Amino acid sequence: MNATIRSEQVESTEDVVDSSLAAVTEVEAGIRDFVRNDIAYLRRPAVASPETAPLEPNTEATVNNVNSLIQRVAGTSLAEIEKLISELESLRDLLHAEGQRVQREISGYAQLSQAAMKSTRMIADNVTQWKKAADGLRNS
């Protein structure tokens with residue numbers, strides 16, 4: 001008697017699982033159909049052809065509002081990106097010009113430093129020669 005009760009419980013549990021699975025599948029199918037029908041107007045071409053029915057006025061207004069919103073947002077973003085690009089280009093030109101100026105300045109300072117070293121060397125040589133001449137005059 002215990003064996004028949006267990007087999008009946010297994011069969012009833014399988015029936016519950018099968019009915020639950022069927023209910024879930026049915027709900028999922030209903031959701032898919034609803035979504036397909038709900039967004040079907042978005043897939044239609046913008047130009048109405050004779051074969052297709054025209055969009056409802058409120059649906060068409062919604063689509064137009066969404067399109068205009070996207071254009072406004074994209075237009076603003078594109079304008080900001082173009083402005084940023086032009087600012088970066090002008091900054092690049094400025095940095096390039098400043099880099100060349102710094103190179104010229106460094107070159108000028110290097111030439112000035114070399115000239116100063118030569119002058120110092122010449123002065124030191126002349127002072128050494130004068131010192132030797134003065135020592136020679138003192139000794140004589």
Side-chain angles (χ1 to χ4, degrees):
M1 185 157 184
N2 244 353
T4 57
I5 293 175
R6 285 187 185 155
S7 65
E8 287 174 0
Q9 287 176 346
V10 170
E11 288 177 6
S12 66
T13 305
E14 288 176 359
D15 290 340
V16 169
V17 170
D18 288 341
S19 65
S20 296
L21 186 60
V24 168
T25 305
E26 185 178 334
V27 168
E28 287 178 350
I31 291 172
R32 273 191 225 103
D33 289 340
F34 175 74
V35 169
R36 282 187 193 126
N37 292 335
D38 191 41
I39 63 168
Y41 70 90
L42 294 175
R43 295 184 193 157
R44 292 185 191 146
V47 177
S49 61
E51 298 90 35
T52 62
L55 295 175
E56 295 178 17
N58 61 355
T59 305
E60 189 172 339
T62 303
V63 170
N64 288 336
N65 287 340
V66 169
N67 286 338
S68 66
L69 177 66
I70 289 172
Q71 288 173 352
R72 281 186 287 168
V73 169
T76 304
S77 297
L78 287 176
E80 289 179 14
I81 289 171
E82 288 174 1
K83 180 181 173 187
L84 180 63
I85 288 171
S86 66
E87 288 176 3
L88 288 172
E89 286 174 345
S90 64
L91 184 61
R92 180 194 63 201
D93 294 340
L94 175 70
L95 288 174
H96 184 66
E98 284 298 307
Q100 289 178 342
R101 184 188 64 79
V102 167
Q103 286 177 347
R104 285 192 307 271
E105 293 287 328
I106 289 172
S107 175
Y109 285 127
Q111 290 173 356
L112 182 63
S113 175
Q114 288 176 355
M117 286 173 55
K118 285 180 183 178
S119 298
T120 305
R121 200 172 297 128
M122 286 174 58
I123 292 171
D125 290 343
N126 286 337
V127 168
T128 304
Q129 287 176 1
W130 291 343
K131 215 177 189 187
K132 286 180 184 176
D135 286 341
L137 289 175
R138 279 190 218 163
N139 291 340
S140 359

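Worth saying up front: this structure is predicted, and the values here are computed from it rather than measured.
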**Student:** In Å and rounded to the nearest 0.5 Å, what is the CD1 to CZ distance from I106 to R101?
**Tutor:** 10.0 Å

**Student:** Using only atom types and a distance under 3.5 Å, with no angle test, would you say the side chain of T120 pairs donor to acceptor with the backbone of A116?
**Tutor:**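 Here the side-chain-to-backbone pair exists.
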
**Student:** Would you say that K131 contacts T128 through its side chain, given a criterion of any heavy-atom pair below 4.5 Å between the two side chains?
**Tutor:**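 When only atoms from C-beta onward are counted, T128 and K131 do not touch, as no gap falls below 4.5 Å.
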
**Student:** Using the salt bridge (charged side-chain N to carboxylate O under 4.0 Å, His left out) rule, take E80 and K83 through it: C-alpha gap first, then chi angles, then the decisive distance, then the call.
**Tutor:** CA-CA 5 Å; E80 289 179 14; K83 180 181 173 187; over 6 Å; no

**Student:** Please report the interatomic distance OG(S90) to CG(L95), rounded to the nearest 0.5 Å.
**Tutor:**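 One finds 9.5 Å between OG of S90 and CG of L95.
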
**Student:** Are any of the side-chain nitrogens in R92 or E89 under 4.0 Å away from the carboxylate oxygens of its partner?
**Tutor:** no

**Student:** Atom CD1 of I81 and atom CG of L88: how far apart are they, to the nearest 0.5 Å?
**Tutor:** 11.5 Å

**Student:** Is there a side-chain contact between E28 and V24 (heavy atoms, below 4.5 Å)?
**Tutor:**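 Side chain of E28 against side chain of V24, heavy atoms only: contact under 4.5 Å found.
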
**Student:** Counting only heavy atoms from other residues, nucleotides and ligands, does the tally under 6.0 Å from CD of Q100 exceed 12?
**Tutor:** yes

